[in-house]
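Single-structure report; data block below.
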Amino acid sequence: MSILFPKVRKPREWDYRPIYYDKDKEARKEKLARLQHGDLRKEHEKNMQRNKSQHKSKLIFWIALFAMLLFVYSFFN
């Protein structure tokens, strides 16, 4: 029987399991893909808008605090 039907080995199956999932690497890949599509300018403008609003709110806070301190200082003197 082995002469008419020789045994042929099956090829070894490829069973790939990644060792770990690197979240940072995936984020870098997604960011690079977005940058290649021209979203860099939009993202930069959005960050600049956020920074300006944060800067204004901090400035208003410090001005108000300084005014209150001047009022209290002038009231008690």
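One-based numbering along the sequence shown. From a predicted model like this one, the values you see are computed outputs, not experimental measurements.
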If I take atom CH2 from residue Trp14 and atom OH from residue Tyr16, how far apart are they, to the nearest 0.5 angstrom?
7.0 Å
If you round to the nearest 0.5 Å, how far is CG of Leu70 from CG of Leu65?
10.0 Å
Who passes side-chain contact (heavy atoms from CB on, under 4.5 Å) against Tyr21, sequence neighbours left out?
Lys23, Glu26
Is there a path of hydrophobic side-chain contacts, each under 4.5 Å between heavy atoms of I/L/V/M/F/W/Y residues, joining Leu69 to Val72?
no
Nearest-0.5 Å distance, CZ of residue Phe76 to CZ of residue Phe71:
9.0 Å
Taking atom CE of Met68 and atom CD1 of Ile63, what is their separation to the nearest 0.5 Å?
14.0 Å
